[in-house]
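Heads up: the structure comes next, in structure tokens.
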Amino acid sequence: VPPKYKVLRQQDLVASRQLPSALIIGVKKGGTRALLEFMRPHPGIRAAGSEIHFFDHHYSKGFHWYRHRMPTTLEGQITMEKTPSYFVTAEAPRRVHLMNPGMKLIVVVRDPVTRAISDYTQVKSKRIDMPKFEELAFVNGSEVVDTTWSPLRIGMYAKYLERWLNYFPLSQLLFVSGERLISDPALEIARVQDFLGLKRLISEKHFYFNATKGFPCLLKSEQRATPHCLGKNKGRNHPSIDPTVIKRLRDFYRPFNRRFYQLTGIDFGWP
Ligand code: A3P
């Protein structure tokens with residue numbers, strides 16, 4: 001074999017569907033769609049288009065069902081999927097581990113207070129007559145934070161991370177800052193490429209800041225030659241929330257955030 005050429009077998013040239021070897025497991029409203037779409041131009045990965053919900057809703061359908069939801073790949077390409085509810089699903093760590101103990105897990109996290117407001121804004125956009133955030137955040141008009149309300153529950157990241165760490169070493173998890181994914185997408189995408197063992201092909205050159213949308217967008221990719229942003233449902237305007245409510249929520253999350261920084265070894269700098 002001439003040494004400068006790659007050696008491939010005939011079967012390596014045939015596209016086939018594989019179970020994912022990397023998952024974006026959360027968090028909901030953290031910036032999971034942005035992360036996946038910003039990684040999509042990389043030729044080393046192929047990702048499912050929609051959220052598959054295998055490890056929460058469709059687990060009983062089996063691995064065969066799951067594999068057939070995956071895009072076709074060639075030898076050496078990484079198959080990926082993102083379903084943000086996996087992070088908070090009690091059974092997910094055990095189920096993922098059973099399927100592949102070497103799975104690479106990516107978690108996009110964001111200040112839990114902003115995340116809660118983002119989550120609320122999403123629900124509100126689909127409902128008429130939505131009570132105010134300030135009313136939903138506390139138990140019966142008290143000052144007790146309602147942790148049964150999912151926009152607030154999901155933000156207790158440390159609690160959920162502990163469950164994943166029962167099954168996976170920290171080295172198999174990558175934490176992406178949702179804030180930095182907005183302020184410096186190329187930096188976070190470089191970290192993701194390194195984590196997945198991919199060449200750093202996606203860089204500053206791929207992004208521009210769209211002043212109208214107020215978010216970074218893709219300038220070009222192999223799939224699309226024209227600039228494009230995420231859809232209208234990403235980067236919504238948030239309602240303004242009573243500052244005393246914000247303060248109470250910050251106080252509530254502080255110990256959870258500290259624990260999360262301890263577990264991950266990263267200070268995300270949330271206020
Ligand atoms: P908002 O719509 O509340 O601003 P997810 O994809 O996990 O549901 O996260 C949605 C959030 O991604 C958005 O929440 C937005 O803040 C964030 N985001 C990060 N980068 C973005 C980008 N380039 N374009 C649009 N939204 C982005």
Side-chain angles (χ1 to χ4, degrees), residues 22-42 47-53 55-56 80-89 92 105-127 130 133 136-137 149-155 157 160 174-192 202-221 223-224 226-241 246 249 268-271:
L23 295 174
I24 299 173
I25 56 172
V27 299
K28 185 184 179 197
K29 305 321 289 172
T32 55
R33 177 55 62 186
L35 177 63
L36 190 66
E37 295 315 311
F38 290 173
M39 282 301 294
R40 202 182 284 284
H42 201 296
S50 62
E51 294 174 8
I52 307 297
H53 286 277
F55 295 106
D56 53 351
M80 272 184 91
E81 191 246 313
K82 83 117 175 157
T83 301
S85 50
Y86 291 162
F87 187 62
V88 299
T89 298
L105 304 165
I106 303 173
V107 197
V108 191
V109 286
R110 178 182 187 187
D111 170 15
V113 178
T114 325
R115 198 219 69 82
I117 300 167
S118 170
D119 202 341
Y120 166 83
T121 307
Q122 170 161 290
V123 180
K124 191 175 152 76
S125 74
K126 292 176 192 157
R127 267 183 63 173
M130 179 80 172
F133 180 90
L136 295 167
W149 189 40
S150 78
L152 294 180
R153 194 178 60 235
I154 294 172
Y157 302 146
Y160 301 108
L174 180 76
F175 301 92
V176 171
S177 155
E179 285 84 12
R180 224 162 38 191
L181 192 59
I182 297 171
S183 64
D184 191 351
L187 188 87
E188 288 304 282
I189 295 299
R191 293 180 62 235
V192 177
I202 304 175
S203 65
E204 282 84 7
K205 287 188 298 228
H206 286 79
F207 302 100
Y208 75 102
F209 189 83
N210 185 307
T212 315
K213 188 165 174 76
F215 283 90
C217 300
L218 277 172
L219 207 44
K220 63 172 165 55
S221 65
Q223 288 95 339
R224 285 169 77 173
T226 51
H228 50 281
C229 296
L230 300 191
K232 280 197 181 66
N233 57 347
K234 302 291 174 184
R236 294 186 176 100
N237 288 325
H238 293 178
S240 67
I241 306 294
I246 300 283
L249 292 179
F268 287 89
W270 296 318

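In each ligand, atom 1 is the first atom listed, and ligand 1 is the first ligand listed. Along the sequence shown, residues are numbered consecutively beginning with 1.
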Number the atoms of ligand 1 from 1 as they appear, then name those within less than 4.0 Å of a heavy atom of [X], with their elements.
X: His238; result: 1 (P), 3 (O), 4 (O)
X: Arg33; result: 6 (O)
X: Ala34; result: 19 (C), 20 (N), 21 (C)

Minimal non-hydrogen separation, Gly155 against Arg115, with atom names: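 Looking at all heavy atoms of both residues, the closest pair is N-NE, 4.3 Å.
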
Among all protein heavy atoms in this structure, tell me which lies nearest to [atom], with the distance rounded to 0.1 Å.
atom: atom 13 (C) of ligand 1; result: Gly235 N, 3.8 Å
atom: atom 11 (C) of ligand 1; result: Arg110 NH1, 3.8 Å
atom: atom 8 (O) of ligand 1; result: Lys234 NZ, 2.9 Å
atom: atom 19 (C) of ligand 1; result: Ile182 CG1, 3.4 Å

Test item, Leu230 contacting ligand 1 (heavy atom, 4.0 angstrom):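 It does, in that a heavy atom of Leu230 comes within the 4.0 Å cut-off of ligand 1.
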
Ligand 1 contacted by Gln122 (non-hydrogen, < 4.0 Å):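 No, Gln122 has no heavy atom closer than 4.0 Å to ligand 1.
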
Kindly say whether [Y] contributes a backbone atom to a donor-acceptor pair with the side chain of [X] at under 3.5 angstrom?
X: Lys124; Y: Phe133; value: no
X: Glu188; Y: Ser177; value: yes
X: Tyr157; Y: Arg110; value: yes
X: Glu81; Y: Ile52; value: yes
X: Thr89; Y: Ser85; value: yes

Gap separating the CD1 atom of Ile25 from the CZ atom of Phe55, nearest 0.5 angstrom: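 CZ of Phe55 is found 10.5 Å from CD1 of Ile25.
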
Nearest-0.5 Å distance, OH of residue Tyr120 to OG of residue Ser150: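 Tyr120 OH to Ser150 OG: 13.5 Å, rounded to 0.5 Å.
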
I want to confirm something. Looking only at heavy atoms, which of [options] is nearest to [atom]?
atom: atom 7 (O) of ligand 1; options: Thr32, Val27, Asn233; value: Thr32
atom: atom 9 (O) of ligand 1; options: Ser118, Gly31, Gly214; value: Gly31
atom: atom 24 (N) of ligand 1; options: Tyr120, Phe215, Phe207; value: Phe215

Any N or O on [X] sitting closer than 3.5 Å to an N or O of ligand 1?
X: Phe38; answer: no
X: Lys213; answer: no
X: Lys28; answer: no
X: Gly178; answer: no
X: Gly30; answer: yes
X: Lys82; answer: no
X: Pro216; answer: yes

Working for side-chain contact (heavy atoms from CB on, under 4.5 Å), residues Leu136 and Met130: CA-CA 10 Å; Leu136 295 167; Met130 179 80 172; 3.8 Å; yes

side-chain contact (heavy atoms from CB on, under 4.5 Å) assessment of Phe215 paired with Asn210: CA-CA 6 Å; Phe215 283 90; Asn210 185 307; over 6 Å; no

Salt bridge present between Lys82 and Glu51 (N-O < 4.0 angstrom):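 Result for this pair is yes, salt bridge flagged.
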
Test item: Phe207 and Leu219 side chains (from C-beta on) under 4.5 Å apart, heavy atoms: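 When only atoms from C-beta onward are counted, Leu219 and Phe207 do not touch, as no gap falls below 4.5 Å.
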
